[in-house]
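As the structure lists them, so they are numbered: ligands from 1, and atoms in each ligand from 1. Note that this is a predicted model, so its numbers are computed, not measured.
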Amino acid sequence: MTGASGVGKGTIRHAAIPDLGEIHYSISATTRLRREGEVDGVDYHFLDRSAFRALLERDALLEHAEYVGDYYGTPAAPVDAALSAGHDVLLEIELEGARQVREKRPEAVMLFIAPPSVAELERRLRGRGTDGEAKIQRRLERARKELRAVREFDYLIVNDSLDAAVTAFKAVVRAERLRASRLGDEAEAALLRAT
Ligand code: 5GP
């Protein structure tokens with residue numbers, strides 16, 4: 001799931017996941033400072049730069065990227081463990097990281113969440129009140145750049161109405177779970193036995 005900060009990815013996730021069964025949310029590592037209300041180990045693993053570098057050196061990240069002056073990355077081990085347990089995994093990551101995941105895991109589903117307009121995104125970022133003017137401008141610039149890559153994605157949801165966005169998100173997950181090509185060997189054998 002990719003989309004500018006402030007576009008509502010977290011809100012959509014929180015509203016949709018209770019209806020979707022087993023989905024493992026991947027907690028990213030970041031060097032960004034913790035915002036008020038964020039909890040270490042829940043929203044992110046907040047690390048200093050040397051700890052982040054150590055993860056990179058150990059090749060412990062599935063993907064990583066720099067975003068507006070900070071580093072963000074997906075710890076690989078929890079993703080692998082959840083997938084092996086048969087769970088779906090949700091990553092909330094920016095464009096560069098999403099491209100790395102697509103390279104490494106071509107079966108990944110790429111979903112883009114767009115704001116109704118960049119002006120609306122600006123209003124939301126300001127309303128959040130967590131970033132200074134320079135950071136807001138850099139985040140908006142990055143958001144425009146990501147929007148230009150929207151056709152690289154499998155699905156696009158414009159977060160105009162939250163209810164509609166949540167419904168669309170759930171529809172994508174449910175449809176993807178029904179893809180015949182995702183049927184495992186055991187499930188296929190069971191299906192054949194039953195017919
Ligand atoms: P924020 O600072 O607003 O929490 O996140 C900034 C951007 O970094 C957002 O687009 C968010 O989706 C992205 N991001 C969060 N975690 C990761 C990650 O693990 N990897 C990558 N590549 N981007 C991430």
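In this structure, CZ in Phe52 is found 11.5 Å from CD in Glu57, a value given to the nearest 0.5 Å. The CG atom of Asp131 lies 8.0 Å from the CZ atom of Arg32; values are rounded to the nearest 0.5 Å. Note: Leu83 CG to Arg105 CZ = 6.0 Å, rounded to the nearest 0.5 Å.
Remark: Ala54 pairs with no residue by the side chain to side chain contact (heavy atoms under 4.5 Å, CB included) rule, at least two apart or across chains. Among residues two or more places apart in sequence or in another chain, the side chain to side chain donor-acceptor pair (under 3.5 Å) test is passed with Arg182 by Glu176. With sequence neighbours excluded, no residue forms a ring pair (Phe, Tyr, Trp, His ring centres under 6.0 Å) with Tyr25.
Protein residues with a heavy atom under 4.0 Å from ligand 1 are Gly3, Ser5, Lys9, Ser28, Arg32, Arg35, Tyr44, Glu63, Ala65, Tyr67, Tyr72, Gly73, Thr74, Glu92, Ile93, Glu94, Gly97, Arg139.
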